[in-house]
Amino acid sequence: GLVQKIEKIQLALGGFPNGGTITGTIRTANAHLSLTLRGGLVQQADQLLAALHGENGDGGFIAEAETLRTELGLEPAPLLPLLEEAAKQLRLEAPLEGSMQAQL
């Protein structure tokens, strides 16, 4: 049912210490993933799960984030904390590359 779908979304995303409401979870996921969701809550939850896990379990945001996590050598984490950590790492590396190029 819808509650189980929302729990799967919360588990995948992380960052819902108090559980979060159904609509709050969908809004948060939508804001972070920049998706255009249509229909009622059940349809939106289905669309979010498909975006996270990919169609038929292949691809999706989670698989892409896992590749990024491996490349950056980060610890396993839910999607949102993982993306935040990856962004920090990439911001830290970018200025270094620029300054190294300036020295060459």
Side-chain angles (χ1 to χ4, degrees):
L2 181 59
V3 173
Q4 290 80 5
K5 290 176 185 182
I6 294 299
E7 287 171 353
K8 283 183 185 174
I9 292 167
Q10 290 172 345
L11 186 65
L13 293 176
F16 293 92
N18 300 325
T21 64
I22 289 173
T23 52
T25 298
I26 289 175
R27 271 196 212 113
T28 299
N30 198 19
H32 284 284
L33 303 177
S34 301
L35 300 171
T36 304
L37 302 176
R38 292 185 165 70
L41 291 176
V42 175
Q43 290 89 348
Q44 290 182 30
D46 287 340
Q47 292 165 48
L48 270 172
L49 285 170
L52 289 169
H53 296 286
E55 296 294 330
N56 304 318
D58 61 333
F61 285 111
I62 292 175
E64 291 175 23
E66 187 60 25
T67 301
L68 184 64
R69 182 190 74 75
T70 304
E71 288 175 3
L72 294 174
L74 302 174
E75 293 296 313
L79 189 60
L80 295 183
L82 180 61
L83 292 176
E84 285 175 22
E85 187 59 33
K88 281 184 210 166
Q89 292 286 338
L90 293 171
R91 276 196 297 273
L92 289 174
E93 289 175 13
L96 291 175
E97 289 174 10
S99 64
M100 284 170 55
Q101 287 173 346
Q103 291 172 6
L104 294 176

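Keep in mind that this is a model prediction, so the values were computed, not measured. Computed from heavy atoms alone, side chains included, the values below leave out hydrogens, waters and symmetry copies.
Annotation: the span from K88 atom NZ to L74 atom CG amounts to 10.5 Å, rounded to 0.5 Å. Expressed to the nearest 0.5 Å, how far OG1 of T28 lies from CG of L33 amounts to 10.0 Å. Rounded to the nearest 0.5 Å, atoms OG1 (T25) and CD (E7) are 10.0 Å apart.
Side-chain atoms of Q89 do not come within 3.5 Å of backbone N or O of E85 as any donor-acceptor pair. Side-chain atoms of Q47 come within 3.5 Å of backbone atoms of R38 as a donor-acceptor pair (strictly under, hydrogens ignored).
One hydrophobic cluster holds both V42 and I6 under the rule that ILVMFWY side chains link at heavy-atom gaps under 4.5 Å. Grouping the Ile, Leu, Val, Met, Phe, Trp and Tyr side chains by contacts below 4.5 angstrom, directly or via other members, places L82 with L90. Residues L13 and L2 are members of one and the same hydrophobic cluster, defined by side-chain heavy-atom contacts under 4.5 angstrom among Ile, Leu, Val, Met, Phe, Trp and Tyr.
Residues L35 and F61 approach most closely at CD2-CE1, 3.9 Å, considering heavy atoms. What you find for I62 and A12 is that their closest heavy atoms are CD1-CB, 3.6 Å. Closest of all the heavy-atom pairs between T21 and Q10 is O-NE2, 4.4 Å. The two residues I9 and A45 make their nearest non-hydrogen contact at CD1-O, 3.8 Å.
The closest side-chain heavy-atom distance from L79 to L52 is below 4.5 Å. No side-chain heavy atom of Q44 sits less than 4.5 Å from a side-chain heavy atom of L48. Side-chain contact between L49 and K8: present, with at least one pair of heavy atoms (C-beta onward) separated by less than 4.5 Å.
Partners of E84 according to the salt bridge (charged side-chain N to carboxylate O under 4.0 Å, His left out) rule, which considers only residues two or more places apart in sequence or in another chain, do not exist here.
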